[in-house]
Amino acid sequence: MLRVDYIDEKHGFVRKRDAKARFREQILKGWGYRCAYCQEDLGESGTLDHIRPKSKGEETVLSNLVACCLACIVRKSSRGRAEWFREQDFWEPHLEDAIKWWLSQ
């Protein structure tokens, strides 16, 4: 039996697993399959990072998630983005501006 967890206007009924995959893909594609922080090419193995930490009560929504490599997500942990990011050797103002723009969507 098909379990319906989500209704997509374009595709009709979508299983929860498929809806999550589409949501993840939308974010990775939005970042050009590159880590929002270090710009590493993610290919198909990218993960997502909560810009404002989920551990501090923030939501899992499009405007709070960025494409992220495993190295950056491990190093950042639950620290705030700005604090952590500005300490990194790869930090550049235009990268931070891109994240701020994403937050404002």
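In what follows, residues are counted from 1 in the order of the sequence shown. If you're wondering where the values come from, they're calculated on a predicted model, not measured in any experiment.
- Across every non-hydrogen atom of E92 and H94, the tightest pair is OE1-CE1, 2.6 Å.
- One distance of note links CG of L95 with CD of Q88; it measures 12.0 Å at 0.5 Å rounding.
- Between L42 and W31 there is no side-chain heavy-atom pair separated by less than 4.5 Å.
- Shortest non-hydrogen contact noted between C72 and C68 is CB-SG, 3.7 Å.
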Criterion side chain to side chain contact (heavy atoms under 4.5 Å, CB included) on W84 and S77, from CA distance to verdict: CA-CA 9 Å; W84 170 81; S77 187; over 6 Å; no
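- The same ILVMFWY cluster, assembled from side-chain heavy atoms under 4.5 Å apart, contains both L62 and I99.
- W101 and Y33 fall within a single hydrophobic cluster, where Ile, Leu, Val, Met, Phe, Trp and Tyr are joined by side-chain heavy atoms under 4.5 Å apart, directly or via other members.
- Screening E59, H50, Q26 for a side-chain contact (heavy atoms from CB on, under 4.5 Å) involving L65 leaves a single residue, H50.
- Using a 4.5 Å cut-off on side-chain heavy atoms (C-beta onward), L48 and I73 make no contact.
- At a threshold of 4.5 Å between non-hydrogen side-chain atoms, the residues F85 and I51 do not count as touching.
- Taking the ring centroids of Y37 and F90, they lie at or beyond the 6.0 Å cut-off.
- In plain terms, the two heavy atoms of E96 and A82 that are nearest each other are OE2-CB, 4.4 Å.
- For the atom pair OG1 of T47 and CG of L28, the computed distance is 8.5 Å after rounding to the nearest 0.5 Å.
- Distance check, rounded to the nearest 0.5 Å: CZ of R81 to CZ of R86 gives 6.5 Å.
- Rounded to the nearest 0.5 Å, atoms CG (L103) and CD (Q105) are 9.0 Å apart.
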